Structure formats: C-alpha cells, structure tokens
Amino acid sequence: MAENDYDAFAAAYDADNEANAWNAYYERPAILALVGAVAGLSVLDAGCGGGAHAAALVERGAVVTGIDASAGMLQIAQRRLEGRARLLQADLGETLPFEDQAFELILASLVLHYLPDWSVPLREFNRLLPKGGRLVFSTHHPFMDHPSSGRDNYFETYSFDETWQRGGQEIAMRFWHRPLHAMFDALKAAGFQIDIVSEPQPYPRAATLFPQAYRSLTTTPRFMFFSVVKG
C-alpha cells in the first residue's frame with residue numbers, strides 16, 4: 001500500500017476518527033473551541049477528510065467548503081453532509097481553485113504535517129483570506145514527533161514513517177517533523193500574525209472512556225493549535 005493512501009482505508013479511518021480519544025475527545029473539541037463563533041461566515045475546511053469538522057461548522061451556522069486530496073474521504077464527507085457543504089477534491093501542495101479573498105476563515109485540521117513544504121499552502125491560505133481573516137490549524141507537536149522518529153537533530157525538517165492499524169489493515173504513513181522556529185518562520189513569511197498558540201487538554205470525559213490515553217494526553221505533548229491572522 002502506498003504511503004498516506006487514505007483512499008485505501010477511508011472507511012476504517014473515519015470510523016476510528018469518529019470516536020477515538022485523540023480526535024473525538026481531544027483534537028476536534030479543541031480546534032472547534034479555538035475557531036469560536038462562525039455563524040454566517042464563509043469557511044474553508046482544508047483537508048476536510050470525512051467531514052466531521054465541516055458538519056460541526058455547518059451546525060454552527062457557517063457556509064462551508066471542504067477540500068481534500070482523497071476521493072474516498074470526500075465520498076464519506078458527502079454522505080455525512082448530505083449537500084449542506086460544497087466539497088471538492090484539491091491538493092494543498094498546489095494552487096487552490098478559488099478566487100482571492102473567497103473565505104473569511106480557514107480551518108486546517110491535522111493536515112500540514114503531511115506536507116514537506118508549508119510555503120505553498122500558507123501562501124494560498126493568505127490569498128484566500130481578506131485582511132484580518134483567520135487561519136486556525138492543528139498539527140503534530142514537534143516534541144511528540146522527534147523522540148520517536150529516531151533522528152538526532154530536532155532542528156532539521158525531516159520526514160519519518162509510522163505504521164497504523166486500521167480496520168485490520170497495516171497502513172504506511174509518512175509525516176514531516178519541523179521545529180517550532182520553522183513553523184513560526186513559515187507563518188511570518190506567508191504574511192500571518194500569530195494570535196494564539198495552544199497546547200490544550202483533552203475533553204474531560206476522556207478520563208473515564210480512555211483512561212490510558214487521557215493520562216498520555218494530559219502529560220505528553222501531542223498536537224499544537226494555532227490561530228493566526230492575515231496582516
């Protein structure tokens with residue numbers, strides 16, 4: 001199986017994402033809290049996957065467009081959203097098919113760590129927002145990546161591989177570690193001003209449902225959350 005081939009395990013991934021500790025009780029509530037009120041806003045869900053975030057945004061009154069590189073994940077999102085959001089296949093490493101300043105808010109959940117270079121997606125996100133528009137995103141915490149990567153130099157930007165178990169399959173995944181300074185430098189170079197950097201705690205109910213994961217999430221860095229503003 002090719003690396004990061006979400007089409008090959010879309011259903012198994014989405015089912016796991018729907019209810020696990022890391023996504024359902026940590027990342028998703030944290031990033032939606034950071035997004036805040038969205039009623040009436042035009043929102044791009046960049047890397048929308050199976051549409052869980054998009055559905056939450058629609059329920060809060062946003063006008064949502066979702067993009068993802070995986071046709072399989074988009075099919076799941078289409079079934080979930082039932083026409084309540086516009087969904088398109090698009091690659092974040094390329095120019096996106098929207099006019100300048102098409103969105104007031106961009107959400108990018110756990111997608112940028114798949115990319116070797118942030119310059120193209122951040123440049124595109126800047127183009128798609130008006131001045132004062134917000135980009136809210138989550139990504140791997142570099143202090144999570146580096147200890148398990150086997151690499152010596154934290155300050156490098158490098159790829160590393162993991163094997164996931166989903167739906168009885170072994171899935172090859174490739175991610176990109178980048179140190180904190182590289183994240184901040186990329187955001188500044190793309191014309192964004194940092195508003196909030198967050199290292200949140202999991203949703204309290206996870207303590208009962210997933211006690212081992214809860215202990216890990218409350219003591220060890222996992223993801224980082226950013227709210228940045230177009231200058």
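All heavy atoms count here, side chains included; hydrogens, waters and symmetry mates do not. Note that the structure is predicted; figures quoted are calculated from it, not measured.
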Checklist entry - How about His146 and His177: are their ring centres within less than 6.0 Å of each other? => result yes
Item to check | Name of the residue among His113, Glu199, Arg222 meeting side chain to side chain donor-acceptor pair (under 3.5 Å) with His141 | outcome: Glu199
Item to check | Check: Leu217 main-chain N/O paired with Thr220 side-chain donor or acceptor under 3.5 Å | outcome: no
Checklist entry - Looking at side-chain heavy atoms only, is the closest gap between Ile106 and Val43 below 4.5 Å? => result no
Next on the checklist: Under a 3.5 Å distance rule, please check whether Arg80 uses its side chain to pair with a backbone N or O of Gly50 as donor and acceptor.
Outcome noted: yes
Checklist entry - Rounded to the nearest 0.5 Å, how far does CZ of Arg86 lie from SG of Cys48? => result 12.5 Å
Checklist entry - Should Met224 and Leu32 be counted in the same cluster of Ile, Leu, Val, Met, Phe, Trp and Tyr side chains packed under 4.5 Å apart? => result no
Checklist entry - Same cluster for Met173 and Tyr158 if Ile/Leu/Val/Met/Phe/Trp/Tyr side chains link at under 4.5 Å? => result yes
Checklist entry - When you check the side-chain N and O atoms of Asn20 and Asn23, is any donor under 3.5 Å from an acceptor? => result yes
Next on the checklist: How about CG on Asn153, more than 12 heavy atoms from neighbouring residues, nucleotides or ligands closer than 6.0 Å, or not?
Outcome noted: yes
Checklist entry - Any idea how Tyr25 and Tyr203 line up, ring-wise: parallel (<30°), tilted (30 to 60°), or perpendicular (>60°)? => result tilted
Checklist entry - Donor-acceptor pair, Ser138 side chain versus Leu110 backbone, under 3.5 Å? => result yes
Next on the checklist: Quick check against the 3.5 Å criterion: does Asp195 have a side-chain atom that pairs as donor or acceptor with the backbone of Ser227?
Outcome noted: no
Checklist entry - Arg84 side chain to Leu81 main-chain N or O, any donor-acceptor pair under 3.5 Å? => result yes
Checklist entry - Have Thr218 and Gln201 got a donor and an acceptor in their side chains that come within less than 3.5 Å? => result no
Next on the checklist: Students often mix this up, so state it plainly: with edges at 30° and 60°, are the rings of Phe223 and Tyr26 parallel, tilted or perpendicular?
Outcome noted: parallel
Next on the checklist: Looking at Asp91 and Ala69, would you say the former's side chain and the latter's main chain have a donor-acceptor pair under 3.5 Å?
Outcome noted: no
Checklist entry - Taking atom types as modelled, is there a side-chain donor on Glu124 or Thr95 under 3.5 Å from an acceptor on the other? => result no
Checklist entry - Are side-chain heavy atoms of Leu129 and Val229 found at a separation under 4.5 Å? => result no
Item to check | Path from Val136 to Val197 over hydrophobic side-chain contacts below 4.5 Å | outcome: no
Checklist entry - Okay, side chain of Asp45, backbone of Ala54: is any donor-acceptor separation there less than 3.5 Å? => result yes
Checklist entry - So do Lys230 and Phe125 actually touch side chain to side chain, heavy atoms under 4.5 Å? => result no
Checklist entry - Quick one: does Tyr214's side chain get under 4.5 Å of Thr208's, heavy atoms only? => result no
Next on the checklist: What I want to check is whether the side chains of Asp68 and Ser70 have a donor and an acceptor closer together than 3.5 Å.
Outcome noted: no
Next on the checklist: Less than 4.5 Å apart, side chain to side chain, heavy atoms only: is that true for Ile31 and His53?
Outcome noted: yes
Checklist entry - Hey, mind stepping through Phe225 and Phe137 against ring-ring contact (aromatic ring centres under 6.0 Å, His included) and telling me if it holds? => result CA-CA 6 Å; Phe225 298 75; Phe137 70 95; 9.3 Å; no
Checklist entry - Are Leu107 and Ile194 connected in the hydrophobic side-chain network, where two residues link if heavy atoms are under 4.5 Å apart? => result no
Checklist entry - In terms of hydrophobic clustering (I, L, V, M, F, W, Y; side-chain heavy atoms under 4.5 Å; direct or indirect links), are Leu34 and Leu180 co-clustered? => result no
Checklist entry - Side-chain contact, heavy-atom cut-off 4.5 Å: Leu44 with Leu128? => result yes
Checklist entry - In terms of the angle between their ring planes, are Tyr6 and Tyr114 parallel, tilted or perpendicular, with boundaries placed at 30° and 60°? => result perpendicular
Next on the checklist: So Ile67 and Gln89, do their side chains get closer than 4.5 Å, heavy atoms only?
Outcome noted: no
Checklist entry - Shortest non-hydrogen contact from Pro142 to Met183? => result CD-CE, 3.8 Å
Checklist entry - Is there a side-chain contact between Phe210 and Gln212, using heavy atoms and a 4.5 Å cut-off? => result no
